[in-house]
Amino acid sequence: FFQAEAGIRDHCVTGVQTCALPILGNMGAQNARDRYQGFVDAVKDKGVEFLQAPFEDNKDKGRAVSNVADAITKYGDKITGFVGLYSYNGPAIVNAVKQAGMRSKVKIICFDGEPDTLKNLEQGLVDVTVVQKPYEFGRLSVKLLNELKKAGDIKKAIEALKRSEEHTSELQSHSDLVCRLLLEKK
């Protein structure tokens, strides 16, 4: 996430007065609060103004689209970016922004690798997305538990896993992160 944070901070908002609107499922969920706070911390002192507290949709995809449409109606040209913090928020943002004809005026930042988000990223309709590899999380967790059982110490187990030729590139590269940045202003 740190590389994505730097990319979002440095390439999407630096030097530009940005008025962002976060869109998410439910602020009651810890992962939503963490993602939101991570974004807030990443853009601190970078000229980003949040036009309001996050729009919540309570995991209702239809409401996610209407929240974006309502934000566009309420704030119009003040909006220079949307941040979708749940997997389905990216497609919802893209749909509402396209309907409003304002894609060239806003940056769209998403989390998760929802197929429609990745398709929209390829088509240039999403500027940034950060994804995880849940399969790898699970697989490496089991490997780590196995190393922990052998080593009896978490630090030794982590080091053993890192030294493993099979996992060296996975643990030392940024392959667990996909972050596409469009450097030119739309």
Point to revise | Spacing of Lys107 atom NZ and Thr80 atom OG1 [to the nearest 0.5 Å] | key: 10.0 Å
Review point. Does CG in Asp77 sit with more than 12 non-hydrogen atoms of other residues, nucleotides or ligands closer than 6.0 Å?
Key: no
Review point. Between atom NZ of Lys59 and atom CG of Leu24, what is the distance when rounded to the nearest 0.5 Å?
Key: 11.0 Å
Exercise for review: May I have the step-by-step check of side chain to side chain contact (heavy atoms under 4.5 Å, CB included) for Asp60 and Tyr88, ending in yes or no?
Suggested key: CA-CA 9 Å; Asp60 178 334; Tyr88 58 85; over 6 Å; no
Practice item. Please round to the nearest 0.5 Å and tell me the distance separating atom CZ of Phe39 and atom CZ of Phe111. Key: 7.5 Å
Study note, to complete from the structure: All heavy atoms of Ala92 vs all of Ala64, minimum pair found to be CB-CB, 3.8 Å
Review point. Can Ile79 be reached from Val68 by stepping across I, L, V, M, F, W or Y side chains whose heavy atoms are under 4.5 Å apart?
Key: yes
Check your understanding: Does any non-hydrogen side-chain atom of Glu147 lie less than 4.5 Å from one of Lys150?
Key -> yes
Point to revise | Closest non-hydrogen atom pair, Leu118 against Gly113 | key: CD1-O, 3.5 Å
Check your understanding: Considering the options Asp112, Val40, Val83, which one meets the side chain to side chain contact (heavy atoms under 4.5 Å, CB included) requirement together with Arg35?
Key -> Asp112
Study note, to complete from the structure: Correct closest heavy-atom pair for Val128 and Leu121 would be N-CD1, 4.4 Å
Point to revise | Spacing of Lys74 atom NZ and Gln52 atom CD [to the nearest 0.5 Å] | key: 4.5 Å
Point to revise | Sole residue of Leu125, Asn95, Ile93 in side chain to side chain contact (heavy atoms under 4.5 Å, CB included) with Asn120 | key: Leu125
Exercise for review: Please confirm whether the backbone N or O of Ala69 pairs with a side-chain atom of Thr73, one donor and one acceptor, at under 3.5 Å?
Suggested key: yes
Practice item. Inspect the contact between Arg103 and Asp127 and indicate whether a charged nitrogen and a carboxylate oxygen are less than 4.0 angstrom apart. Key: yes
Check your understanding: Heavy atoms, side chains only, cut-off 4.5 Å: are Ile23 and Phe82 in contact?
Key -> yes
Check your understanding: Any chain of hydrophobic side-chain contacts (each under 4.5 Å) joining Val65 to Phe55?
Key -> no
Check your understanding: Measuring from Glu56:CD to Leu85:CG, what's the distance to the nearest 0.5 Å?
Key -> 10.5 Å
Revision key, fill the gap. Scanning both residues in full, the closest heavy-atom pair of Phe50 with Pro22 reads CD2-CD, 3.9 Å
Practice item. Grab the two heavy atoms, one from Glu114 and one from Ser87, that are nearest each other, plus how far apart they are. Key: OE1-OG, 3.2 Å
Review point. So, Asn89 versus Asp57: side-chain donor-acceptor pair below 3.5 Å or not?
Key: yes
Review point. For Arg33 and Gly28, which heavy atoms make the closest approach, and how far apart are they?
Key: NH1-O, 2.7 Å
Practice item. Could you tell me whether the side chain of Tyr75 and the main chain of Leu51 form a donor-acceptor pair under 3.5 Å? Key: yes
Check your understanding: Atom CD1 in Ile72, atom NZ in Lys105: separation rounded to 0.5 Å?
Key -> 10.5 Å
Review point. Can a salt bridge be assigned to the pair Lys119 and Glu122 using a cut-off of 4.0 Å between side-chain N and carboxylate O?
Key: no
